[in-house]
Participant: 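Next up is a structure, given as structure tokens.
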Number of protein chains: 2
Amino acid sequence: MILEGLPRRTKEYRAGAEIIAEGSRPQESCLILEGFAARAQHLSSGKRQFTAVHVAGDFVDLHGLLLKQMDHGVIALSPCRVAFVPHANLKTVTETNPHLTRMFWLSTVVDGAIQRAWITCLGRRSAIQHLAHLICELYLRLEIVDRAENGKFEFPVTQAEIGDMLGLSNVHVNRMLQELRATGLIRWRGSTVQIDDFEGLSTFAEFDPLYLNLSREPR
Amino acid sequence: MILEGLPRRTKEYRAGAEIIAEGSRPQESCLILEGFAARAQHLSSGKRQFTAVHVAGDFVDLHGLLLKQMDHGVIALSPCRVAFVPHANLKTVTETNPHLTRMFWLSTVVDGAIQRAWITCLGRRSAIQHLAHLICELYLRLEIVDRAENGKFEFPVTQAEIGDMLGLSNVHVNRMLQELRATGLIRWRGSTVQIDDFEGLSTFAEFDPLYLNLSREPR
DNA sequence: CGGTCTATTGACTGGCGTCAAGCACCGTGG
DNA sequence: CCACGGTGCTTGACGCCAGTCAATAGACCG
């Protein structure tokens with residue numbers, strides 16, 4: 001994405017650090033340069049749900065420009081390098097550069113498509129299918145930013161965090177991971193995910209990459 | 001929303017009719033003038049999940065302008081009157097009217113916030129809390145378009161369709177509805193929903209209206 | 001009056017949460 | 001060198017929430 005020319009500051013975060021607080025009113029939008037982050041919502045019971053996972057290159061809270069107050073927080077899943085762009089500059093873009101504005105808008109719209117896929121996974125897929133679906137999604141998203149190849153990528157998160165993505169308990173994530181490994185479709189040791197049969201995994205998860213909008217078409 | 005001046009055609013749909021097909025490449029975006037619609041995704045098992053519910057005044061598939069191919073279908077839940085605006089005209093807006101463009105963008109961004117709330121409901125709330133949350137959301141959204149007042153609104157959908165919103169079976173929706181009625185917080189007869197204690201219902205559902213972005217602030 | 005759709009109810013099953021214990025790994029400090 | 005506490009992974013036992021199957025009843029309609 002072409003962001004040269006926009007002023008920004010960058011900052012580093014440790015794994016687990018809060019990048020943007022839930023309920024805050026940020027004056028900047030942030031962009032992940034390196035690492036993994038997640039959007040999180042909390043319930044009074046202490047339970048937590050991730051509503052999105054972000055990888056290098058993602059403009060994480062562009063929507064904060066329009067929403068004013070954050071309905072969710074953003075946390076670092078791994079060590080992260082993050083760039084911040086002031087809202088004032090983004091607003092100027094929306095007033096002077098229709099094409100770039102459309103790219104920004106598209107970015108939030110693709111986020112929405114991913115969220116819809118998550119909704120369908122949560123509502124109608126089994127836990128193990130959901131897990132497989134997440135792996136397929138991450139692989140394709142990481143591949144286009146050169147963080148994955150030959151079926152392999154790094155994903156340094158705990159099983160409890162995967163649970164927060166899938167809406168499962170850490171115990172059940174562990175069970176589903178073992179079951180999925182037993183199919184021979186993937187291996188997952190430490191933070192390294194190795195997909196041995198992407199076709200098979202896609203079929204198993206009923207994964208259709210259409211929604212990720214990876215094809216190149218004029219906008 | 002100010003849409004005067006944009007060309008459009010309007011069309012009527014019966015309950016259950018498909019307004020936009022999953023996988024299609026529409027050349028227009030649609031706007032619900034009257035009635036209820038839902039975005040739906042289908043699995044091979046025949047299961048269906050709604051990823052959003054739309055009410056009068058909602059610009060349902062504005063994102064279709066940017067996504068080109070639909071990752072979901074749009075169906076009428078009740079009889080609907082729908083307006084269609086050609087993408088060509090919307091594209092012109094994005095090139096000539098920054099303020100209106102920002103309003104369009106905001107509309108898709110609020111959709112995204114609602115989807116995040118759905119994700120958290122699906123992942124971490126109990127079925128009955130989720131149901132209560134949906135009722136709170138619908139009430140506030142309908143109130144601002146004058147389709148709800150004094151805790152009462154019309155919602156002409158079947159229990160199976162509610163199941164497709166909540167990711168539940170029709171049988172379990174029935175059980176949860178009875179349980180929720182038994183609390184005295186709501187009544188629901190036929191297609192009429194009566195909230196007798198919105199405060200209580202909000203608390204029960206842990207509903208926070210922040211995400212609906214109802215407050216009026218300059219954009 | 002039968003036919004279709006929806007709501008309701010009961011019985012049974014199973015997926016997933018919860019609780020708890022036991023490991024494995026790692027960095028710290030004695 | 002080993003003791004240690006912390007964190008994350010793994011496993012088992014148990015219970016409950018929600019799915020499935022099936023039957024009945026009611027509502028609406030031609």
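Chain identifiers are assigned alphabetically (A, B, ...) following the order of the sequence lines, protein sequences preceding nucleic acid strands; residue numbering begins at 1 within each chain.
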Participant: Please indicate whether R9(B) has more than 12 foreign heavy atoms, meaning atoms of other residues, nucleotides or ligands, lying under 6.0 Å from its CZ.
Facilitator: yes

Participant: On DNA chain D, reading 5' to 3', which nucleotide is the first and which the last to sit with an atom under 4.0 Å from a heavy atom of chain A, could you check?
Facilitator: dG8(D) to dA13(D)

Participant: Determine whether a donor-acceptor pair (N or O, by modelled atom type, separation under 3.5 Å) exists between the side chain of R124(A) and the backbone of R48(B).
Facilitator: yes

Participant: Please step through side-chain contact (heavy atoms from CB on, under 4.5 Å) for the pair I162(B) and N170(B), ending with a clear verdict.
Facilitator: CA-CA 8 Å; I162(B) 296 169; N170(B) 57 350; over 6 Å; no

Participant: Would N174(A) and Q178(A) satisfy side-chain hydrogen bond (donor to acceptor under 3.5 Å, both in side chains), going step by step from the backbone distance to the final call?
Facilitator: CA-CA 6 Å; N174(A) 185 279; Q178(A) 288 180 57; 2.4 Å; yes

Participant: Can you run down the salt bridge (charged side-chain N to carboxylate O under 4.0 Å, His left out) pairs that involve residues 144-159 of chain A, sequence neighbours left out, and say none if there aren't any?
Facilitator: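 As it turns out, the salt bridge (charged side-chain N to carboxylate O under 4.0 Å, His left out) pairs with a partner in residues 144-159 of chain A, which skip direct neighbours, are E34(A)-R147(A).
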
Participant: Do the non-hydrogen side-chain atoms of K68(A) and R25(A) ever get within less than 4.5 Å of each other?
Facilitator: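 They are in side-chain contact.
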
Participant: Quick one: do W118(A) and E137(A) satisfy side-chain hydrogen bond (donor to acceptor under 3.5 Å, both in side chains)? Show the steps, please.
Facilitator: CA-CA 10 Å; W118(A) 280 39; E137(A) 175 193 315; 3.0 Å; yes

Participant: Treat primed atoms plus P, OP1 and OP2 as sugar-phosphate and everything else as base, then score nucleotides 6-17 of chain C 5' to 3': B for base contact with protein heavy atoms under 4.0 Å, S for sugar-phosphate contact only, - for none.
Facilitator: SSBB-B----BB

